[in-house]
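Structure record follows, encoded as structure tokens.
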Amino acid sequence: MPFPSEDYPMTHAYGATAAKQPLQPMTITRRAPGAGDVAIDIAYCGVCHSDLHTVRSEWAGTLFPCVPGHEIVGHVTAVGAEVTDFKVGDVVGVGCMVDSCHHCHPCEQGLEQFCENGMTPTYNGASEDAPGHTLGGYAENIVVSDKFVLKITHSEDQLAAVAPLLCAGITTYSPLRHWKTGPGKKVGIVGIGGLGHMGIKLASAMGAHVVAFTTSESKREDARALGAAEVVVSKNADEMAAHAHSFDLILDTVAASHQLDDYTSLLTLDGTLALVGLPSTPHPSPNIGNLIMGRRAIAGSLIGGIPETQEMLDFCAEHGIVADIEMIRADEIEEAFDRMQRSDVKYRFVIDNSTMGA
């Protein structure tokens, strides 16, 4: 079914025109879908900390106008003539990227997130579409290459809570899978927020013995409710010492600069500290002795490629996993940003995109 542009020339969105300006209603243009494109009416879009960093130019290179949002769930409204895997009415998702070069070594392995020629992010990436860069999911609809659209099999009443899986879910699933999380493995999750709460749920569902690390005593019961077998308050030296040399993997989701030595010393032989949080200032230089003496590693991880993201969505549907969310209207995004900076959310805001044009 072709998708005539004259039927859908403009769409309501929320975006910013400058770093110091709040998000505001605006209208944007979406391209007319080509032969390999899928048009999607967006039902829900998660609010990621990356959205805030980008809109407020806390990371370099923000292109304005900026319409953020890369945790997208919606319904297919039209498909191009060459699309065979999707049809009108399908429930689908779009995550953090909408294109890549398709031919470099990582892309050929389904690792488009590591595209050697630069994958195209869902927003703030170079594009031939107006205005010359991609505009994300804080909008009523989007048009995406079918190669970057994902199938969602969760029930309709879960869809809002599925949205954060497209970033927070895959950001934690990918390293857990890469380092072979499963029965018999002891896995630590540092930070109980948008990423960390998904890490706890996923590692637990994979069969690992999960230990959550938090700086707050008040989060102890929350972490247990999410699936942690044990909870360590990282400010308590005795609690930390009790776990020395015992972790196969520690997944560090904290996006603030902190001492990595506190966690490398807890790794067993050949253990790995995997970082997925990106702080605005570097972590203090780690003690190399902690690494040498146990053949331990500090590694980084990004999102997953399209095949792994589909695998994650299917795994979550099978195990009944969704994010813990708070639904907001579009006109509450700025308030949500402010609350997110104060960690005042359990654990992810999700926009009801039907309120975009309200």
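Just so you know, residue 1 is the first one in the sequence shown, and it goes up from there. Bear in mind that the values here come from a model prediction, so they are computed numbers and not experimental data.
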Okay, side chain of T122, backbone of G95: is any donor-acceptor separation there less than 3.5 Å? yes
Could you state whether V276 and W179 fall into the same hydrophobic cluster, counting links through intermediate Ile, Leu, Val, Met, Phe, Trp or Tyr residues with side-chain heavy atoms under 4.5 angstrom apart? yes
For the backbone of F315 and the side chain of H319, can you confirm whether one donor and one acceptor N or O come within less than 3.5 Å of each other? yes
Could you give me the CA-CA distance, side-chain angles and deciding distance for T214 and S216, then say whether side chain to side chain donor-acceptor pair (under 3.5 Å) is met? CA-CA 5 Å; T214 177; S216 175; 5.0 Å; no
Test side chain to side chain donor-acceptor pair (under 3.5 Å) applied to N290 and T264, step by step: CA-CA 6 Å; N290 275 347; T264 57; 3.2 Å; yes
Distance only, no hydrogens: is a donor on one side chain within 3.5 Å (strictly under) of an acceptor on the other, for E128 and H133? no
Heavy-atom closest contact (M119 atom, C115 atom, distance): N-CB, 3.6 Å
Is it true that I152 and V83 fall in one hydrophobic cluster, defined by side-chain heavy atoms closer than 4.5 Å? yes
For G305, is there any backbone N or O sitting under 3.5 Å from a side-chain donor or acceptor partner on T309? yes
For atom NE2 of H102, is the number of surrounding heavy atoms from other residues, nucleotides or ligands below 6.0 Å larger than 12? yes
Are T272 and R296 packed together at the side-chain level, in the sense that at least one heavy-atom pair is separated by less than 4.5 angstrom? no
With no hydrogens and no angle check, is any side-chain donor or acceptor of T27 less than 3.5 Å from a backbone partner on T11? no
Would L195 and L226 show up in the same hydrophobic cluster when neighbours are defined by side-chain heavy atoms closer than 4.5 Å? yes
Close side-chain approach of I142 to I72, heavy-atom, < 4.5 Å: yes
Using modelled atom types and a 3.5 Å cut-off, is there a donor and acceptor pairing between side-chain atoms of R30 and backbone atoms of L135? yes
Is a donor on one side and an acceptor on the other found under 3.5 Å between the side chain of E140 and the backbone of N353? no
Under the salt bridge (Lys or Arg N to Asp or Glu O under 4.0 Å) definition, can you give me all pairs with a residue in residues 220-233, not counting sequence neighbours? E217-R220, R220-E239, D222-K346
Could you check whether Y263 and F213 have their ring centres less than 6.0 Å apart? yes
Set out, in order, the CA-CA distance, both residues' side-chain angles and the distance that settles side-chain contact (heavy atoms from CB on, under 4.5 Å) for I189 and V211, then state yes or no. CA-CA 6 Å; I189 307 293; V211 180; over 6 Å; no
Checking N124 against T54 for the side chain to side chain donor-acceptor pair (under 3.5 Å) test, could you report, in this order, the C-alpha distance in whole Å, the side-chain angles of both residues, the deciding distance, and whether it holds? CA-CA 8 Å; N124 206 53; T54 304; 5.5 Å; no
With the side chain counted from C-beta on, respond yes when I298 and L260 share a heavy-atom pair under 4.5 Å apart, and no when they do not. yes
Verdict with reasoning, E335 to R339, per side-chain contact (heavy atoms from CB on, under 4.5 Å): CA-CA 6 Å; E335 179 186 350; R339 286 181 54 195; 4.2 Å; yes
Ring-plane angle category for Y347 and H197, please: parallel below 30°, perpendicular beyond 60°, tilted otherwise. parallel
What are the two closest non-hydrogen atoms of L267 and L273, and how far apart are they? CD1-N, 3.6 Å
Run the side-chain contact (heavy atoms from CB on, under 4.5 Å) test on S50 and H70 for me, step by step, so that the C-alpha distance in whole Å, both residues' side-chain angles and the decisive distance to 0.1 Å come before the verdict. CA-CA 9 Å; S50 299; H70 57 204; 4.0 Å; yes
So Y138 and F337, would you call those rings parallel, tilted or perpendicular, with 30° and 60° as cut-offs? tilted
Excluding sequence neighbours, so at least two apart, what forms ring pair (Phe, Tyr, Trp, His ring centres under 6.0 Å) with H49? H53
Has the side chain of H154 got a donor or acceptor atom that lies under 3.5 Å from a matching backbone atom of I321? yes
Please report the C-alpha distance between T268 and D248 in whole Å, then the side-chain angles of each, then the deciding distance to 0.1 Å, and finally whether the side-chain contact (heavy atoms from CB on, under 4.5 Å) criterion is met. CA-CA 6 Å; T268 188; D248 299 288; 3.8 Å; yes
A323 and M198: which non-hydrogen atoms are nearest, and at how many Å? CA-SD, 3.7 Å
Taking the basic N atoms (NZ, or NE/NH1/NH2) and the acidic carboxylate oxygens, is any pair closer than 4.0 Å for K201 and D324? yes
Compute whether any side-chain donor of one residue and acceptor of the other, for Y173 and E311, lie under 3.5 angstrom apart. yes
Under a 3.5 Å distance rule, please check whether T134 uses its side chain to pair with a backbone N or O of P121 as donor and acceptor. yes
Can you get from L275 to I200 by hopping between Ile, Leu, Val, Met, Phe, Trp and Tyr side chains that sit under 4.5 Å apart? no
For the residue pair I170 and G304, what are the closest heavy atoms and their distance? CG1-N, 3.2 Å
Does Y14 reach the main-chain N or O of P68 with its side chain, forming a donor-acceptor pair under 3.5 Å? no
Scan side-chain atoms only and decide if K235 and T215 contain a donor-acceptor pair under the 3.5 Å cut-off. no
Surrounding CE of M327 (heavy atoms of other residues, nucleotides or ligands, distance under 6.0 Å), is the total greater than 12? yes
Find out whether I42 and V73 are in side-chain contact, i.e. whether some heavy atom of one side chain is under 4.5 Å from a heavy atom of the other. no
In short, V149 meets F86 closest at the heavy-atom pair O-CZ, 3.3 Å
So, are D314 and K151 salt-bridged, with charged N and O less than 4.0 Å apart? no
Counting only heavy atoms not in K180, do more than 12 fall under 6.0 Å of its NZ? no
So, the side chain of E334 versus the backbone of L23: is there a donor-acceptor pair under 3.5 Å, distance only? yes
